[in-house]
Amino acid sequence: MDASHHRPLTLTERAQAAIYDGAVTTGFDLFSDRAIVAMRVDGELQDLAREVPDGASAEPVTIDSPDGLDILRHSAAHVLAQAVQRINPEARLGIGPPVQDGFYYDFDLPEAFSSDDLKALQKEMERIVKAGQRFVRRVVTDEEARAELADEPYKLELIGLKGGAEKAAEGASVEVGAGELTIYDNVDPKTGEVAWKDLCRGPHLPSTRLIGNGFALTRVAGAYWRGKTDLPQLQRIYGTAWPSKDELRAYQQRLEEAAKRDHRKLGRELDLFSFPDEIGSGLSVWHPRGAIARGEMEQHARRRHIEQGYSYVYTPHITKRDLFVTSNHLVTYGEGMWPPIHMDEERDDEGNVTKQGVDYYLKPMNCPMHILIYKDRSRSYRDLPLRLAENGTVYRNELSGALHGLTRVRGFTQDDAHLFVTPEQLEEETTKVLEFVLSLLQDFGLTDFRLELSMRDDEKEKWIGDEAIWETATDALRRVAQASGLDVVEEPGEAAFYGPKIDLKVTDAIGRSWQLSTVQLDFNLPERFELEYTAADGSKQRPIMIHRALFGSIERFFAILLEHYAGAFPVWLAPVQVVGVPVAEDYADYLEDIAAQLRGKGVRVEVDRSDERMQKKIRTHTLMKVPFQLIAGEKDRDAGSVSFRFRDGTQDNGVPVDEAIRRIVEAIETKAHV
RNA sequence: GCCGCCUUAGCUCAGUCGGCAGAGCGAUUCACUCGUAAUGAAUAGGUCCGGAGUUCGAUUCUCCGAGGCGGCACCA
């Protein structure tokens with residue numbers, strides 16, 4: 001339904017809208033459409049059962065609007081909690097807010113929920129939904145709430161935090177708002193009995209019936225109470241809820257589509273990379289087919305960087321401790337670094353140290369190494385901007401639970417660059433970096449971008465450096481971001497400790513958002529390493545550093561592209577670009593001849609001489625997402641032609657060989673996606 | 001790291017209420033030589049994740065560990 005049909009009503013129009021002249025007017029009197037589940041009264045979301053004061057403006061909230069969906073999902077969370085407490089009366093309640101596409105509710109109970117429990121809970125929820133319970137709001141004092149919720153220790157804690165609920169935990173504000181405390185009673189419409197109640201700010205649906213058939217419980221997980229690792233872990237049940245069964249089904253299909261594109265699955269199916277247990281968690285090996293695609297990515301990016309005035313450098317994977325003391329990484333990120341390798345220590349027979357050893361660390365960042373290249377000789381303003389780039393492999397000791405395919409690993413390669421600029425060059429250079437980032441990402445077929453400007457935290461401990469410098473830098477970044485014409489979101493408190501940054505987010509083919517590139521200003525490391533350049537007037541000046549990565553992690557970028565294309569890469573990136581499929585063995589040599597010509601033009605081509613029928617070969621190479629299959633039999637050989645079959649099943653038969661070669665080469669050169 | 005679930009052939013998965021294990025795909029071989037998504041047959045392939053315990057006997061039960069998955073927390 002279309003919410004725009006419902007213009008805001010004001011109660012001066014009560015005569016037309018209200019049914020009971022002179023009586024109290026509620027949202028139910030104003031809005032009869034069943035798709036309207038709540039209202040905004042003078043901007044505040046409220047239940048339809050609430051009284052609308054004279055002169056107030058009341059806008060309808062439909063179930064399919066963003067607010068309406070949140071209300072639906074939050075009400076579904078209440079139904080879940082009621083179902084849990086019906087089956088397990090000893091379960092204690094945490095919080096249960098709506099989230100993207102669904103809801104969750106946290107419970108404390110001794111035994112873990114099983115997948116069978118989820119089925120039983122879903123059944124119980126269906127019963128509650130069918131009963132058509134009403135959600136009835138009731139204002140209570142703190143004392144009344146404490147008395148009623150004496151058995152719910154987590155709720156009592158939230159009452160104590162009232163007003164500070166936003167800070168108590170993400171989602172906690174749905175339970176207790178800043179104003180008065182309220183409890184929602186779930187009332188059976190037939191008997192008028194209160195079936196269940198929960199501390200809640202609301203609003204809620206008029207009836208559980210509206211949750212209809214569009215909900216499902218999805219999974220169970222552990223979650224720290226109030227998100228804090230030192231507090232107990234509760235059991236969180238996730239669910240999804242939609243206004244209709246069709247929308248639920250569409251959501252489930254989106255999940256299925258995402259699962260099909262999962263880079264871990266495609267990586268195995270397409271023989272691109274793997275994570276051998278023998279090597280260790282979060283450490284990938286690249287098989288020939290994956291290495292070809294990755295290599296094409298790297299080579300293309302490298303060419304473009306050189307065109308843009310970047311100089312490639314190489315640095316080691318390991319370094320003495322002092323470097324990361326100077327850079328402060330050991331202090332700030334020490335926990336995420338791999339433990340040191342202790343070198344060169346010598347001891348006598350009693351075990352006394354006779355020669356002091358040195359600790360070496362795997363590098364978690366390339367920047368200190370690039371700084372040392374800068375520092376190796378004195379620099380002039382004429383050298384700047386100096387742009388040092390490296391595909392530098394770094395190692396971070398990620399917690400085991402954080403690891404995820406290629407997107408969160410313990411060893412990865414940054415397409416890292418550090419730009420050393422004068423303060424006057426900062427804004428122009430940053431602009432160039434941002435334009436370069438966008439242009440290069442577009443080469444890979446990404447088009448939908450958004451920027452986030454991360455600014456420093458209000459708390460002084462979270463950042464270092466001079467406040468005025470932060471201001472200047474942040475203002476410069478803001479101007480650059482706005483000049484790009486992209487959507488810019490400002491994120492206070494999200495900056496790195498050493499400077500503000502612009503992050504670039506990209507939306508993929510199925511609408512998911514990924515963070516890719518980052519451009520970070522750094523006034524701190526030049527200070528710590530005492531970097532200098534000689535200005536035109538002969539004075540010594542301090543350069544500013546710009547850290548930037550386009551892909552962030554090459555491995556992760558590869559994974560994102562793999563999912564974006566669902567494994568069907570553009571021709572230039574495809575591990576195998578052409579496969580020749582002879583109709584019968586006799587025609588293989590004819591195809592080999594064409595393949596040799598293609599190979600001569602740099603095309604990655606194979607001829608399938610396996611002992612299979614051509615139909616099977618076509619199926620195999622289609623599943624392997626090869627962009628061009630060239631088929632030839634008696635007809636094509638006689639005519640000096642070849643027949644194309646594309647990944648989508650379409651075909652183009654009897655194409656003269658020269659033209660076929662021309663078309664393939666052109667598709668590679670233009671980075672076409674066929 | 002924490003909570004929960006999982007780990008059987010190269011891959012996807014059955015199975016054994018405790019008696020030394022199976023399918024499909026893939027691989028190999030043979031036959032077939034075929035015009036746009038699976039030709040047929042045969043063969044090979046297993047420390048049932050690792051270790052310890054219980055037991056006459058453990059892939060199965062218990063404990064410990066490793067790895068994976070879903071979340072939480074973390075993410076320079």
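Note on naming: letters A, B, ... go to the chains in the order of the sequence lines (proteins, then strands), and numbering restarts at 1 for each one. The figures that follow rest on heavy atoms only: side chains count, while hydrogens, waters and symmetry mates do not.
Rounded to whole Å, the P atom of G45(B) lies 16 Å from the corresponding atom of U29(B). Spacing between C63(B) and A44(B) at atom C1', rounded to whole Å, works out to 38 Å. Using atom P as the reference point in both U28(B) and G10(B), the two lie 15 Å apart (nearest Å). As rounded to the nearest Å, C30(B) and C69(B) have C1' atoms that lie 42 Å from one another. Only the P atoms considered, C48(B) is 44 Å distant from U33(B), to the nearest whole Å.
One N or O donor and one acceptor, one from the side chain of Asp611(A) and one from the base of C32(B), sit under 3.5 Å apart. A donor and an acceptor atom never sit less than 3.5 Å apart when one is taken from the side chain of Gln615(A) and the other from the base of U36(B). One N or O donor and one acceptor, one from the side chain of Ser643(A) and one from the base of G35(B), sit under 3.5 Å apart. With hydrogens and angles ignored, no donor-acceptor pair closer than 3.5 Å exists between the side chain of Tyr587(A) and the base of G35(B). No hydrogens or angles were tested; on distance alone, a donor-acceptor pair under 3.5 Å links the side chain of Gln233(A) to the base of C2(B). Side-chain to base pairing of Arg219(A) with C5(B): no donor and acceptor N or O lie closer than 3.5 Å to each other. Put simply, the side chain of Asp636(A) and the base of G35(B) share a donor and an acceptor less than 3.5 Å apart. Residue side chain Arg408(A) reaches the base of C75(B) through a donor-acceptor N/O pair under 3.5 Å, judged by distance alone. Taking only distance into account, the side chain of Arg613(A) never meets the base of A37(B) through a donor-acceptor pair shorter than 3.5 Å.
Summary of the strand contacts: His404(A) and Phe113(A) both lie near RNA chain B, and taking for each the nucleotide with the nearest heavy atom, the more 5' one is attributed to Phe113(A). Taking the nucleotide of RNA chain B with the nearest heavy atom to each of Val642(A) and Leu403(A), the more 5' of the two is matched to Val642(A).
In terms of heavy atoms, Arg645(A) sits closest to Gly649(A) at NH2-CA, 3.4 Å.
Taking 4.5 Å as the limit, some side-chain heavy atom of Asn366(A) sits within range of a side-chain heavy atom of Val394(A).
Judged by the 6.0 Å distance and 45° axis criteria, Arg73(A) is not positioned over the aromatic ring of Phe103(A).
Remark: P of C5(B) and CG of Leu118(A) are 12 Å apart, rounded to the nearest angstrom.
Atom CD of Glu111(A) sits in a crowded spot, with more than 12 heavy atoms from other residues, nucleotides or ligands closer than 6.0 Å. For CD of Gln253(A), the number of neighbouring non-hydrogen atoms (other residues, nucleotides, ligands) closer than 6.0 Å is greater than 12.
Side chain of Val583(A), nearest nucleotide from U36(B), C34(B), G70(B): C34(B). Checking G35(B), U39(B), G1(B) against every side-chain atom of Arg410(A), the shortest atom distance belongs to G1(B).
Between His547(A) and His418(A), the ring-plane angle classifies as perpendicular under the 30° and 60° cut-offs. Classification of the Phe273(A)-Trp286(A) ring pair by plane angle, with boundaries at 30° and 60°, yields tilted.
Gln629(A) comes within 4.0 angstrom of nothing in the nucleic acid, heavy atoms only. Contact annotation for Gly649(A): no contact, since no heavy-atom pair falls under 4.0 Å across all strands. Residue contacts shown for Arg556(A) are absent, as no nucleic acid heavy atom lies under 4.0 Å away. In this structure, Ala496(A) reaches neither bases nor backbone, as no heavy-atom distance under 4.0 Å exists between it and the strands shown. Within 4.0 Å (heavy atoms only), Arg645(A) reaches at least one base atom of the nucleic acid. Residue contacts for Leu623(A): at a heavy-atom cut-off of 4.0 Å it reaches a base atom on one of the strands shown. As judged by a 4.0 angstrom heavy-atom cut-off over every strand, Lys617(A) is placed among residues making no nucleic acid contact. When heavy atoms are screened at a 4.0 angstrom cut-off, Ala221(A) is found touching base atoms of the nucleic acid. Residue contacts shown for Phe275(A) are absent, as no nucleic acid heavy atom lies under 4.0 Å away. Using a 4.0 Å heavy-atom criterion, one finds that Thr229(A) contacts the sugar-phosphate atoms exclusively.
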Can you give me every donor-acceptor pair (side chain of residues 329-337 of chain A, partner residue at least two apart or in another chain, under 3.5 Å) with its distance?
from: His329(A); atom 1: ND1; to: Ser327(A); atom 2: OG; distance (Å): 2.7
from: Thr332(A); atom 1: OG1; to: Asn328(A); atom 2: O; distance (Å): 3.0
from: Thr332(A); atom 1: OG1; to: Asn328(A); atom 2: ND2; distance (Å): 3.2

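Using modelled atom types, one side-chain atom of Ser517(A) and one backbone atom of Leu550(A) make a donor-acceptor pair closer than 3.5 Å.
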Dot-bracket line, read 5' to 3' along RNA chain B, where crossing pairs take [ ] and | marks a partner on another strand, Watson-Crick or G-U under 3.5 Å: (((((((..((((.....[..)))).(((((.......))))).....(((((..]....))))))))))))....
